[in-house]
Amino acid sequence: MSLLVDTHCHFDPEDDAHAIIAEARAEGIDVIAIGGSPALNATAEASGVPFALGFDWSCEKDEPLHLPPPDAPLVAIGELGFDFHRVQGPDVERRQRACFELQANLARERGLPIIVHTREADAITYDTLRTLALPRAGVIHSYTGDIPFARRLLDLGYYISFSGIVTFRNADALREVARFVPDDRILVETDSPYLAPVPYRGRRNRPLYLRATANALAALRNVPQETFAELTTRNAKALFAC
């Protein structure tokens with residue numbers, strides 16, 4: 001059984017992160033813990049695994065992001081991004097872009113990749129990433145866009161990560177994207193505790209369920225499960241230097 005890396009896992013304050021991580025490791029799954037708010041940043045940093053710190057699209061532009069010392073296993077800034085699903089308008093766009101650029105520049109200073117959330121915001125996400133031209137690029141996590149958007153992101157050097165959404169019954173268009181992304185740019189994640197894959201849909205997601213998503217992606221791409229696990233693990237280690 002080849003190693004897999006869950007490249008995007010959140011821990012709520014009430015979670016026993018160490019037990020969840022140990023459960024996953026027993027099944028050959030490593031974890032990268034992801035922030036996105038003060039609470040999630042705290043649990044990610046305390047998890048004992050490589051982690052990312054950031055503020056998601058809901059942050060205020062002047063909210064400070066306190067980075068740990070350089071010897072901490074901080075492997076990325078994020079998640080950060082744009083989300084216009086519930087709120088839209090020029091003021092929202094300006095605030096989210098200011099928050100994004102502030103954190104992206106911290107990533108530039110630290111030489112770290114970024115972990116990007118985008119929902120109903122393809123144009124501003126692409127324009128911001130193109131303008132910033134970060135030297136380490138990063139990953140678009142839990143991708144739900146189309147092939148043309150994926151192609152533009154790939155041209156900027158970004159990785160594309162798929163979550164359990166790709167296993168959902170109504171996700172045929174996303175499965176086409178999963179076939180399209182090249183071997184050296186694809187990643188897999190849970191985005192736990194959200195988006196549990198089939199056959200666990202409806203449950204609280206956990207890193208243990210990652211192999212269901214990875215195996216579904218392997219079948220979509222017509223490659224052995226071991227081969228897909230090996231290439232996504234190689235990609236995760238290349239991007240996050242962990």
Side-chain angles (χ1 to χ4, degrees), residues 3-59 65 73-83 85-86 103 114-120 138-144 159-171 174 178 186-217 229 232-233 236 239-240 242:
L3 176 71
L4 278 169
V5 179
D6 181 356
T7 59
H8 199 106
C9 170
H10 300 292
F11 293 113
D12 288 332
E14 64 271 19
D15 288 335
D16 185 342
H18 295 96
I20 293 170
I21 291 164
E23 171 190 68
R25 282 179 169 166
E27 297 299 322
I29 299 167
D30 280 349
V31 174
I32 297 176
I34 309 299
S37 69
L40 294 177
N41 289 339
T43 57
E45 189 169 0
S47 66
V49 297
F51 63 91
L53 301 180
F55 288 115
D56 65 18
W57 58 96
S58 63
C59 79
L65 179 61
L74 178 69
V75 297
I77 300 297
E79 65 181 277
L80 51 91
F82 296 99
D83 194 311
H85 179 62
R86 290 188 174 87
Q103 295 179 85
I114 58 172
I115 298 170
V116 179
H117 169 106
T118 179
R119 187 176 188 189
E120 298 178 21
V139 56
I140 313 302
H141 101 91
S142 192
Y143 190 79
T144 55
Y159 289 73
I160 293 179
S161 181
F162 294 93
S163 68
I165 294 174
V166 79
T167 71
F168 295 177
R169 185 179 60 182
N170 63 348
L174 185 60
I186 190 168
L187 295 170
V188 63
E189 64 176 85
T190 57
D191 197 15
S192 58
Y194 317 107
L195 305 177
V198 175
Y200 307 107
R201 194 170 183 189
R203 301 187 193 180
R204 196 170 194 272
N205 204 4
R206 55 203 303 119
L208 182 66
Y209 300 159
L210 181 70
R211 206 167 290 277
T213 301
N215 290 348
L217 286 164
T232 54
T233 296
L239 176 61
F240 296 112
C242 63

Quick one: closest heavy-atom pair of [X] and [Y], and the distance?
X    : Y    : result
S192 : D6   : OG-OD2, 4.3 Å
L40  : F11  : CD2-O, 3.4 Å
V49  : P73  : O-CG, 4.2 Å
A44  : G35  : CB-N, 4.0 Å
R211 : E27  : NH2-O, 2.9 Å
L174 : F162 : CD1-CE2, 3.8 Å

Can you measure from [atom1] ([X]) to [atom2] ([Y]) and round to the nearest 0.5 angstrom?
X    : Y    : atom1 : atom2 : value
L74  : C242 : CG    : SG    : 11.5 Å
S163 : F168 : OG    : CZ    : 6.5 Å
E189 : L195 : CD    : CG    : 8.0 Å
L208 : I21  : CG    : CD1   : 13.0 Å
L80  : H117 : CG    : NE2   : 10.5 Å
I32  : S47  : CD1   : OG    : 10.5 Å

What residue pairs, at least two apart or across chains, pass side chain to side chain donor-acceptor pair (under 3.5 Å) with a residue in residues 10-26?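 Applying side chain to side chain donor-acceptor pair (under 3.5 Å) to every pair that reaches into residues 10-26, excluding sequence neighbours, yields H8-H10, H10-E79, H10-D191, D12-R204, D15-R204, E23-R206.
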Would you check if the side chain of [X] reaches a backbone N or O of [Y] as a donor-acceptor pair within less than 3.5 Å?
X    : Y    : value
N41  : G36  : yes
D56  : G81  : no
T233 : L3   : yes
Q103 : F55  : yes
T7   : V188 : yes

Do F240 and I115 have side chains that approach each other closer than 4.5 Å (heavy atoms only, starting at C-beta)?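 Touching, per the 4.5 Å side-chain cut-off.
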Side chains of T213 and V166 in contact at under 4.5 Å (non-hydrogen atoms):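 Answer yes - side chains close enough.
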With sequence neighbours excluded, tell me which residues meet ring-ring contact (aromatic ring centres under 6.0 Å, His included) with F51.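 None.
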Between N205 and Y200, is a side chain to side chain contact (heavy atoms under 4.5 Å, CB included) present by the stated rule, with each step listed? CA-CA 8 Å; N205 204 4; Y200 307 107; 5.9 Å; no
